[in-house]
Amino acid sequence: MQSVRGIQTPRKLEGKVALVTASSEGIGLAIARRLAQDGARVLISSRKQQNVDKALQELKKEGLDVEGTVCHVGKNEDRVKLVDYAVKKFGGVDILVSNAAVNPFFGNMLDSTEEVWDKILDINIKATFLLVKLVAPKMQERGGGSIVIVSSIGGFAPFPALGPYSVSKTALLGLTKALAPELTAQNIRVNCLAPGLIRTKFSSALWKDESVLDQLKIKLGISRIGEPEECAGIVSFLCSPDASYITGETVVVSGGGNSRL
Ligand SMILES: NC(=O)c1ccc[n+]([C@@H]2O[C@H](COP(=O)([O-])OP(=O)(O)OC[C@H]3O[C@@H](n4cnc5c(N)ncnc54)[C@H](O)[C@@H]3O)[C@@H](O)[C@H]2O)c1
């Protein structure tokens with residue numbers, strides 16, 4: 001047993017190896033930390049070496065079993081390197097958390113360009129699928145595994161001014177549903193996390209200004225912004241034996257709010 005956020009929890013991921021993309025900060029870092037606290041050996045990754053190093057230093061200081069490498073999820077060579085690194089360092093892969101995402105555009109959909117769409121579709125959707133395709137055979141070698149795809153409540157109903165990003169998050173809900181039945185034969189479960197408003201750099205425009213946040217709070221069920229750690233425990237649960245009969249599902253972590261923020 002160990003204490004996580006004041007709660008005594010068993011090390012339910014002992015012996016598992018986890019890959020988490022974009023895990024040097026924000027929700028990805030919180031997920032990496034929680035999977036490691038729950039006993040997994042975790043490979044963190046991010047586009048910049050200095051960010052990987054900073055996160056590694058922080059997590060290792062906490063006594064967690066983590067390694068790290070650079071991975072731009074849009075680059076095939078980086079995706080291959082990430083998976084190879086996990087196999088070399090930790091002996092295989094049991095868990096993948098696909099968390100990286102971009103949003104290069106705010107505004108009316110009809111003003112978005114082909115370049116915007118290419119970037120959003122490449123990073124948010126295509127890279128997720130291609131990583132799944134790479135890790136699935138590695139998971140199969142170890143008798144199965146668990147994949148968690150990070151979508152958003154914007155995937156259910158699009159955020160105003162974030163059309164292309166929201167559509168990419170809707171696609172991830174579909175990707176989860178489409179992959180899950182195909183991978184059950186390999187004992188690989190595929191689930192999805194749909195966060196609401198969570199305090200990270202990504203969402204800072206919505207919470208740094210107190211007056212903007214106050215307006216948003218009115219629309220939230222639990223009248224405060226969520227913290228990255230409040231997403232992490234759910235991901236750990238989805239990857240654990242406690243979720244052994246759950247696949248193809250999306251868990252919404254939004255304090256009861258919806259995407260009409
Ligand atoms: N914060 C929120 O309110 C919120 C709400 C719903 C969904 N999400 C989702 O949660 C996930 C994590 O977001 P976050 O809020 O922690 O913000 P974040 O900005 O910390 O996370 C996004 C991360 O993706 C990384 N990234 C972008 N392009 C990449 C690439 N090509 N390769 C590797 N990494 C890349 C960024 O560097 C960044 O670290 C994202 O998928 C985001 O869409 C966040």
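Just follow the structure's listing: the first ligand is 1, and inside any ligand the first atom is 1. It should be emphasised that the depicted structure is a prediction, and the values quoted were computed from it without experimental measurement.
- Look at Lys88 and Glu67 and you find no salt bridge, because none of the NZ, NE, NH1 or NH2 atoms lies under 4.0 Å from a carboxylate O.
- Looking at ligand 1, you won't find any N or O of Ser24 less than 3.5 Å from one of its N or O atoms.
- For atom 34 (N) of ligand 1, the closest non-hydrogen atom on the protein side is Ala100 CB, 3.6 Å.
- The shortest N/O to N/O separation between Ala22 and ligand 1 does not fall below 3.5 Å.
- Leu56 contributes atom CG, which lies 11.0 Å from atom CG of Leu64 (distance to the nearest 0.5 angstrom).
- In plain terms, the two heavy atoms of Ser236 and Leu13 that are nearest each other are OG-CD1, 3.6 Å.
- At a 4.0 Å cut-off, at least one heavy atom of Lys169 sits close enough to ligand 1 to count as contact.
- Atom 27 (C) of ligand 1 has its nearest heavy-atom neighbour, among Ala101, Gly226, Ser46, in Ala101.
- For ligand 1, the polar-atom distance check against Lys201 finds no nitrogen or oxygen pair separated by under 3.5 Å.
- No side-chain heavy atom of Phe90 sits under 4.5 Å from any side-chain heavy atom of Val42.
- By heavy-atom distance, the residue among Ser203, Gly196, Ser152 lying nearest atom 4 (C) of ligand 1 is Gly196.
- Interatomic distance, Asp78 CG to Thr69 OG1, rounded to the nearest 0.5 Å: 8.0 Å.
- Considering backbone and side-chain atoms together, Tyr165 places an N or O closer than 3.5 Å to an N or O of ligand 1.
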